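Below: the structure, in structure tokens.
One-based numbering, in listed order, for ligands and for the atoms of each. This structure is a prediction, so every number in the text was calculated from the model and none was measured. We use all heavy atoms of the structure for the numbers below, so side chains are in, but hydrogens, waters and symmetry mates are not.
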Amino acid sequence: DKAGYKHFMLKEVNEQPTVSAYALAHYVDNETGLIRSEAEDVDFAQASRIVLVACGTAHYACHIAKYWFEKLARLPVEIDVASEFRYREPPLSKSDVAVFVSQSGETADTLAALRHAAPQVGHVVSVVNVTTSTIARESETVLPILAGPEIGVASTKAFTSQLVTLATLAILAARQRGRLSPDEERRLVRVLSEAPRHLAEAIAAAPEIEAAAREMAEARDVLYLGRGPFFPLALEGALKLKEISYIHAEGYASGELKHGPIALVDSSVPVVVLAPRDQLFDKTVSNMQEVMARGGRVILFTDSVGAQTASEGAARVVVMPTCDPFIAPIVYAVPAQLLAYYAAAFLGKDVDQPRNLAKSVTVE
Ligand code: F6R
């Protein structure tokens with residue numbers, strides 16, 4: 001049931017404020033204002049590393065979470081796509097905590113990676129939407145993301161709920177490693193609890209995102225740029241556009257532009273920049289100016305302060321809610337998803353059932 005929406009994907013994007021709150025309700029203890037989690041039995045204090053393994057969109061969620069695990073918990077992070085991880089003979093040890101992230105819990109590569117790692121690591125955790133899945137059954141600790149059934153082939157609400165869940169895991173790891181006082185933890189939990197409201201505000205920008213997407217729909221190639229956690233979000237935005245609109249897209253770290261991809265830029269290439277006003281903003285703006293100097297059409301997603309200072313020369317600026325940097329990558333997932341959705345819908349593509357793709361990839 002599409003509940004009045006034209007596609008399941010649009011419905012599921014719109015469900016994000018609601019379902020992200022389910023994950024928060026599960027992982028936040030309202031009495032104490034602290035995280036409570038099935039993962040409290042994981043020994044992050046003694047862990048030497050966290051190993052995150054997944055495919056596709058779930059893999060990009062891991063890359064965003066890496067910034068949280070490093071910054072908050074000072075925990076070394078290793079990430080790979082499941083299909084590479086299992087065959088490259090990664091050295092693993094009992095001091096590793098291995099985390100497998102999968103919406104379906106049935107992805108063959110992720111499951112095989114889990115089976116490969118399980119005998120070698122200290123603890124196997126899974127972050128899943130389907131808690132009755134094989135990956136969940138074979139994990140010592142299961143962290144549900146509680147996003148509800150995801151029908152659209154393109155993963156949307158599972159992505160933001162994976163992020164919320166991984167954020168709670170990073171906070172827990174930081175606490176165990178003596179990096180967070182209860183007051184600091186409460187502050188982070190309060191910030192994270194604002195994600196549903198900010199997701200709703202980002203969704204309210206849908207008309208402007210749709211207008212940007214219609215312009216983009218004529219392009220042959222699109223570039224997505226971001227720094228820090230917005231780099232993996234740029235990769236996710238490019239993946240979404242490719243898989244449902246069939247427009248070629250690439251995500252890059254903003255600073256990498258001049259090391260190659262800038263050669264692609266001309267007036268026919270839209271360049272999507274995901275950049276809230278943070279300490280890296282000025283650097284991103286100078287990368288944007290390099291694009292504009294070559295005639296590139298910049299579509300900038302930023303907050304109101306960013307829009308005031310950096311709109312000049314951009315073909316389009318879409319204002320996103322002002323939020324704490326901790327949760328900004330969760331909030332900016334919305335424009336990444338909706339750009340792809342509206343471009344594909346405008347082109348008349350089968351948004352919920354893109355060609356060649358299956359919801360659950362149970363073969364290698
Ligand atoms: C992209 C997408 C895929 C999945 C990937 C992993 O929109 O849906 O990239 O994210 O196939 O699937 P799960 O999370 O079920 O393991």
Got a salt bridge between [X] and [Y], using NZ or NE/NH1/NH2 to carboxylate O under 4.0 Å?
X: Lys11; Y: Glu15; value: yes
X: Arg190; Y: Asp324; value: no
X: Asp303; Y: Arg277; value: no
X: Glu210; Y: Arg214; value: yes

Quick one: which ligand 1 atoms are inside 4.0 Å of a heavy atom on [X]?
X: Lys240; value: 1 (C), 7 (O)
X: Glu243; value: 1 (C), 7 (O)
X: Gln103; value: 13 (P), 14 (O), 15 (O), 16 (O)
X: Val153; value: 8 (O)
X: Gly56; value: 9 (O)

Rounded at 0.5 Å granularity, tell me how far CD1 in Ile171 sits from OH in Tyr27.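 Answer for the CD1-OH pair, Ile171 versus Tyr27, is 12.5 Å.
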
Between Asn14 (side chain) and Leu10 (backbone), is there a donor-acceptor pair under 3.5 Å?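 At least one qualifying donor-acceptor pair exists.
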
Give the residue and atom name of whichever protein heavy atom lies nearest to [atom], and the separation in Å to one decimal.
atom: atom 10 (O) of ligand 1; answer: Thr57 N, 3.2 Å
atom: atom 11 (O) of ligand 1; answer: Val361 CG2, 4.2 Å
atom: atom 12 (O) of ligand 1; answer: Thr107 OG1, 3.5 Å
atom: atom 15 (O) of ligand 1; answer: Ser104 OG, 2.7 Å
atom: atom 5 (C) of ligand 1; answer: Cys55 O, 3.7 Å

Is the number of heavy atoms from other residues, nucleotides or ligands within 6.0 Å of NZ (Lys94) greater than 12? yes

Against ligand 1, does Ser360 come closer than 4.0 Å with any heavy atom? no

Look only at interatomic distance and state if Lys359 has a nitrogen or oxygen under 3.5 Å from any nitrogen or oxygen of ligand 1. no

Tell me the ring-ring contact (aromatic ring centres under 6.0 Å, His included) pairs involving residues 316-340, sequence neighbours left out?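 Residue pairs with at least one partner in residues 316-340: Trp68-Phe326, Phe230-Tyr332.
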
